[in-house]
Amino acid sequence: MIDTPHQERHTISIIVDNEAGVLARVIGLFAGRGYNIEHLTVAPVDLEGNESRITVVTTGTRKIIEQIKAQLDRLVPVHRVGDLTDEGPSVERELALVKVTGDKQQRLEAIRVAEAFRARRVDSTPNSFVFEVTGKSEKIKAFIELMSELGLEEVVRTGVAALHRGKKVL
Amino acid sequence: MSSKALTGAAIIVKSLEDLGVDVIFGYPGGAVLPIYDELHEHSKITHVLVRHEQAAVHAAEGYARSTGKPGVVLVTSGPGATNAVTGLADAMLDSIPVVCLTGQVPVQLIGTDAFQEADTVGITRHCTKHNYLVRKSDDVSAVIHEAFHVATTGRPGPVVVDIPKDVQILTSDKIHNGPIEHRSYRPAFKGDDAAIKKAVELLAKAKKPIFYTGGGVINSGPKASDLLRKLVRLTGAPITSTLMGLGAYPASDPLFLGMLGMHGTFEANHAMHDCDVMVCVGARFDDRVTGRIDSFAPKSKKIHIDIDRSSINKIVHVEVPVVGDVAAVLEVFLKFWKKGKHKLDNAALKKWWGEINENRKRYCLAYPKRRDVIMPQYACERLQELTKEKDVYFTTEVGQHQMWAAQFLKFEKPNRWMTSGGLGTMGYGFPAAIGVQMAHPKALVIDVAGEASIQMNIQELSTVMQYGLPVKVFILNNQYMGMVRQWQDLNHEGRYSNSYTASLPDFVKLAESYGATGLMCEHPDDLDATILKMMEIDGPVIVDCRVEKLANCFPMIPSGAAHNEMILPDEDEIKEFEGGATLV
């Protein structure tokens, strides 16, 4: 492993025991050792609710990325650590809710843009909309940028969820 | 599982008993009284009452490091737990197996800022290998068994089990016994054969090999030290050790170059710098070892044997990583080495040793042989000479005295040397000596101390008196925080900001006030007699050994310099005293 001078962006998936404090252990590791977190999602993923899947998008040099995975792997409640960026093709999605306000021409324009992005209107009042948009982070970013001209008020994003493509599993 | 219901506190003590615990270091308080009630006049478990919770953890570390068994601590909630934090961080950085049971406020009061409540699991998350909050008495036994499993396997470390008071009082019939099947924790043990084969082949081709070994060899157990000795002698390659690894390879062996690193020997550091193949065994390329990274062993290929995958490539890039337990890996390594009939290139090795032996002639540990004042190095030399036939264990505090002890004491066996390596905790050595003495009641246990460090846990004099522990504290008293003063000399133009300790106690009277013996030694002519007297006294002794106040610890790699940029002792100063020297 030779270190790269440039920053790489990696999507890392972690399967953990769904126990109290486990998220704090993972996040605390990033904070304590000075690693970046760009996105974070976490929820139980098995039917019994015993295991959670944490997805972290992080940046760092190659050496830091390898160190992050090794450090995560030695946490006691961690079952598996996978690097979706390294391990073959993966599919990444993010969901955002975007609130815009305005009237008449602005509303029509917002609806047009939303249709182009296949965003759904999940809430609608005479002077506001909430759009639900899913896709890659770049698509979400582009949508928000366009909406900022059209009465953008508030945004919430789930952060990235990601899986390997094909039959491969973590 | 047993059908008879017991209180949580009774289950805790029974579990400890089942796990073979014979000594607990602790301090009672409101949130652990049910456990203390169970320990009252207990037939199998001795509780050692320390005088500060930090000392309890260091004592447990001393016990663990001198026995290879986990050390056990019991403290109360809130301040009991927070006082233990320094000890836990110390055990974390030095990979010492410690299980620390902390009391907690009752479950329904957690989060209410109750009396003596602290978020112990939150506070200790970063300074433990793992920690637990036990919310049901049904879980107590299994969690304690799991805590011991986690603390002692893989890369060892401290584990905290936080137990609310009501959990100690409520009853359960669930009592775990036997091995732990953990859901996710799978520490590495056996190294990958292919990687070991690659390592063997790389070493076999070396012209300038060196073994660089650390605390991982000690942690792996006595078998690892045996295998290391076999392998090193079979190859005939030089070996150096970190501070943590001293004793894994005998100091008296001619292949041993002494300690490496910031205050390591000239020959060890130069051999590291010039080597072409480095075999790192159970060490972690700490900054105090490597010096400047970009000029660390620049011509070398490296093999790194470590049980913790995250140690590999953390600081220094290595060509051949082997993740596994030192003993397990070395066993296979030796097998492959013998099977392949490998042998180092004899001519190259001879040339390599020629270079090393030239460097040895620099006598990097030389110091002025003063007749008027005790040189701290001389005191360490005499300590070594006069105790070498004894069953002796040394602990230290942190600072110059620690480095002099590491340079001048000669360890032939593992588990004989207890010092705070990673965290550098002043106040470590005295309580650690208590733990060692509890494990080895008949042995000679000496804490080499400084007058500043010893005051950080001086209250433990009361503990050694209560339990009749004949711990010897040998203070190299120079009235300065010597290492701070040395750095101020080197980096701050001699401005001794706050490194001189005014108003030192009279250590002799201090010892006597607790009922211990205090000895004072001010002149080189009295040194041997004082050390012998200290050893003869069957009880705790404090020696106030007044040493040269401004002696600096050399050789030294200045912070941020490379292995071949060492500062050596001043030869003119040494020569000045050579003429009249009768001291050797």
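Heavy-atom basis, side chains included; hydrogens, waters and symmetry copies ignored.
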Pair B/D192 + B/K198, salt bridge at N-O below 4.0 Å: no

Toward chain A, the part of B/R135 with a non-hydrogen atom under 4.5 Å: neither

Option in A/K69, A/Q71, A/H79, A/E19 with maximal non-hydrogen atom pairs under 4.5 Å from chain B: A/H79

Which portion of B/D308 sits near chain A, non-hydrogen atoms under 4.5 angstrom: side chain

A/V76, part contacting chain B, at a heavy-atom distance under 4.5 Å: both

Greatest number of heavy atom pairs closer than 4.5 Å to chain A - which of B/G122, B/G154, B/S310, B/S311: B/S310

B/E201/B/K197 salt bridge by N-O under 4.0 Å criterion: no

A/R74, part contacting chain B, at a heavy-atom distance under 4.5 Å: side chain

NZ/NE/NH1/NH2 to OD/OE distance under 4.0 Å, A/E109 and A/R112: yes

Ring centers of A/F117, A/F131 separated by less than 6.0 Å: no

Proximity breakdown for B/L133 and chain A, heavy-atom pairs closer than 4.5 Å: neither

B/Y185/B/H130 aromatic ring centres below 6.0 Å: no

B/V318 and B/I303, any side-chain heavy atoms less than 4.5 Å apart: no

